[in-house]
Peer 1: 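Quick one: the structure is below, and I'll ask about it shortly.
The sequence lines fix the lettering, A, B, ..., with proteins before strands; numbering per chain opens at 1.
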Amino acid sequence: MSGATHTPAAAQTTTFGNAGALRIVMMVVILGLLLAAPFFLYPIFVMKLLCFALFAAAFNLLLGYTGFLSFGHATFFGGASYFTAYTVKEWGVSPEIGILIGVVGAAALGLVMGLIAIRRQGIYFAMITLALSQMFFFYCVQSGWTKGEDGIQSVPRGHLFGLIDLSNTTNMYYFVLAVFLIGVAIIYRFVNSPFGMILKSIRENEQRTVSLGYAVDRYKLGAFVMSAALAGLAGGLKSLVFGFATLTDVTWQMSGEVILMTLLGGIGTMIGPVVGAGIIVTLQNELATSDFPVTIITGLVFMACVLLFRRGLVGEFYASRLGRKLGFRPEQ
Amino acid sequence: MQAMPVTLQDQPRVVLSARGLGKDFSGFTAVNSVDLDVEHARIHALIGPNGAGKTTVFNLLTKFLPPTRGKIMLLDQDITNVKADKIARMGLVRSFQISAVFPHLTVLENVRVALQRPSGLATQFWLPLSSLDRLNGRAEELIADLGLTQYRDTRATDLSYGRKRVLEIATTLALDPKVLLLDEPMAGMGGEDVAVVAGIISEVAKTRAVLMVEHNLSVVADICHHVTVLQRGEILATGDYATVSQNPAVRTAYMGTED
């Protein structure tokens with residue numbers, strides 16, 4: 001074999017350790033801030049933020065790591081919030097069981113939608129998921145148990161494991177934080193696992209992966225169901241935070257919002273969707289009381305994102321000079 | 001994985017065969033009535049001018065395209081209606097004309113991806129990546145066999161073209177295929193690389209069947225036991241290189257000489 005020896009590996013290891021250390025420091029700082037947040041910020045706001053951050057991270061699991069752009073993730077988020085709200089209020093199950101039912105329900109919806117949509121790619125995949133989620137929306141409008149336009153109201157938060165009173169805001173906050181961290185940990189593990197390795201190889205070269213004997217559709221379906229289940233975890237949690245489940249969470253606008261959050265923060269990065277969700281939720285909160293329409297601002301943010309920083313905020317940071325110097329590598 | 005018989009006979013015997021294979025693309029017949037017998041421990045070359053349907057035949061044999069007509073047998077099993085990934089699991093593994101590596105994975109990871117499924121380490125989404133380390137030994141062996149050891153941690157995209165093709169062969173061999181289909185393994189390679197890859201192919205063909213599409217006729221003459229010439233989707237001639245190269249129809253169609 002001829003040609004110059006090209007081994008960037010040695011150079012990378014030193015800078016890579018740098019990024020690894022920086023990541024740990026960042027994580028500790030973020031964790032500290034999250035633990036202290038309810039003492040400085042309105043806890044309900046932070047809880048809402050965490051729910052959407054988890055939702056966006058779940059969405060990114062699909063878009064960022066398999067390349068599938070789903071336009072129907074509101075079905076899983078909103079569907080789970082209905083399931084959790086209904087079972088907690090009407091059946092009187094404890095909150096953790098209610099959330100579990102929401103997750104299982106969202107996973108089941110994900111399985112059905114995935115089986116139908118996964119064979120198509122790109123815009124066709126997006127359109128099929130949009131169509132199916134619109135069907136689910138109309139089901140939620142029409143069916144009795146979701147209470148139509150009113151939604152399921154005054155859902156009690158109940159007692160966690162029958163012990164901890166979640167109507168106490170501080171208790172609820174730390175419960176939400178714990179669920180959020182568990183959700184993010186699951187995503188991290190999923191992406192960095194033997195299964196995640198196959199997903200990565202499918203994204204890199206699908207035909208080759210088939211020729212190595214992998215039934216790629218099953219792996220894609222697995223990722224889709226996992227993403228749906230985690231979106232459901234976020235949705236179920238949100239219904240307990242606010243004590244209601246309404247049509248807002250199953251609309252196509254909600255599907256669009258999570259796409260915006262993920263793009264804004266940075267596709268394919270662990271922290272990007274969290275940052276994106278933080279910005280969008282904050283904007284919505286700040287502008288909710290002003291006369292200026294929020295939709296115009298989010299529209300402008302979206303345009304700026306597409307035109308100026310396509311990798312998203314975190315993605316651009318990783319790709320920037322400073323980011324590279326610190327040893328981050330931009331996602332391809 | 002099926003266990004290999006203990007008495008592995010390295011004598012030629014037909015392991016992959018096609019009868020009357022044909023493919024139509026909305027009216028256009030790309031491949032027509034192709035009969036092919038690929039033998040164990042033999043290298044079989046598929047040659048022919050551009051557009052002769054060589055790659056289509058590959059796609060049909062590996063089920064990346066469904067055949068319109070005909071029958072395909074692999075090790076006495078009818079695989080005409082079996083899916084592509086299943087065929088790979090049955091031991092018929094292909095490479096692609098355009099180099100098929102996973103560009104942003106390292107050389108080691110490329111080979112390891114192929115090892116994951118046979119080792120039952122592909123669906124675990126709850127295990128850490130370090131659980132794959134137990135495949136490193138086997139992957140390193142394969143990498144060493146093909147002389148890529150010093151590039152173990154280099155990303156595939158940073159390899160030279162020739163080494164990418166070698167990596168591809170290493171990845172394919174990780175599956176220990178019974179039949180290996182190589183689509184232009186030497187296309188675009190420099191002379192030195194060609195010799196290396198030709199040597200590798202000859203070596204691996206000692207214990208398995210190889211069917212390869214190749215334009216480099218000196219390589220075909222050197223290492224292939226059997227040659228089939230395709231033209232406009234049909235077989236023009238078949239036999240050993242000496243016979244085929246003397247065939248006037250082949251000389252006209254393929255070599256472009258008309259004397």
Peer 1: For the OH atom on Tyr124(A), are there more than 12 heavy atoms of other groups (residues, nucleotides or ligands in this structure) within a distance under 6.0 Å?
Peer 2: no

Peer 1: Using a 4.5 angstrom heavy-atom cutoff, name the option from Gly196(A), Ser201(A), Pro194(A) with the most pairs to chain B.
Peer 2: Pro194(A)

Peer 1: Is the closest side-chain heavy-atom distance between Val210(A) and Phe64(B) below 4.5 Å?
Peer 2: yes

Peer 1: I need the residue from Leu92(B), Leu132(B), Leu181(B) with the largest number of non-hydrogen atom pairs under 4.5 Å to chain A.
Peer 2: Leu132(B)

Peer 1: To check you understand the geometry: which heavy-atom pair defines the closest contact between Phe102(B) and Thr209(A), and what is its length?
Peer 2: CE2-OG1, 3.4 Å

Peer 1: Looking at Asp78(B), I want to see if its CG is surrounded by more than 12 non-hydrogen atoms of other residues, nucleotides or ligands under 6.0 Å.
Peer 2: yes

Peer 1: Of Thr157(B), Leu105(B), Asn110(B), which meets side chain to side chain contact (heavy atoms under 4.5 Å, CB included) against Glu204(A)?
Peer 2: Leu105(B)

Peer 1: Counting only heavy atoms closer than 4.5 Å, note whether Thr62(B) contacts chain A via side chain, backbone, both or neither.
Peer 2: neither

Peer 1: How far does CD of Gln116(B) sit from CD1 of Ile198(A), to the nearest 0.5 angstrom?
Peer 2: 4.0 Å

Peer 1: Looking at NZ of Lys200(A) and NE2 of His104(B), how far apart are the two atoms once the value is rounded to the nearest 0.5 Å?
Peer 2: 9.0 Å

Peer 1: Assign the ring pair Phe190(A) / Phe125(B) to parallel, tilted or perpendicular, where the plane angle (0 to 90°) is split at 30° and 60°.
Peer 2: tilted

Peer 1: Could you look at Thr106(B) and say if it's the side chain, the backbone, both or neither that has a heavy atom under 4.5 Å from chain A?
Peer 2: neither

Peer 1: Side chain, backbone, both or neither: which part of Tyr219(A) has an atom under 4.5 Å from a heavy atom of chain B?
Peer 2: side chain

Peer 1: Which atom names give the shortest non-hydrogen contact between Val93(B) and Ser211(A), and what distance separates them?
Peer 2: CG1-O, 3.5 Å

Peer 1: Is any side-chain heavy atom of Val216(A) closer than 4.5 Å to a side-chain heavy atom of Asp85(B)?
Peer 2: no

Peer 1: Distance check, rounded to the nearest 0.5 Å: Met197(A) atom CE versus Glu109(B) atom CD?
Peer 2: 3.5 Å

Peer 1: Checking side-chain hydrogen bond (donor to acceptor under 3.5 Å, both in side chains) for the pair Arg208(A)/Thr172(B): CA distance, chi angles, key distance, verdict?
Peer 2: CA-CA 10 Å; Arg208(A) 180 56 174 165; Thr172(B) 309; 2.8 Å; yes

Peer 1: With the side chain counted from C-beta on, respond yes when Gln124(B) and Ser193(A) share a heavy-atom pair under 4.5 Å apart, and no when they do not.
Peer 2: no

Peer 1: Sub-3.5 Å donor-acceptor pair from the side chain of Tyr214(A) to the main-chain atoms of Val113(B), do we have one?
Peer 2: yes

Peer 1: If we only count heavy atoms from C-beta on, is the Ile186(A) to Trp126(B) side-chain gap below 4.5 Å?
Peer 2: no

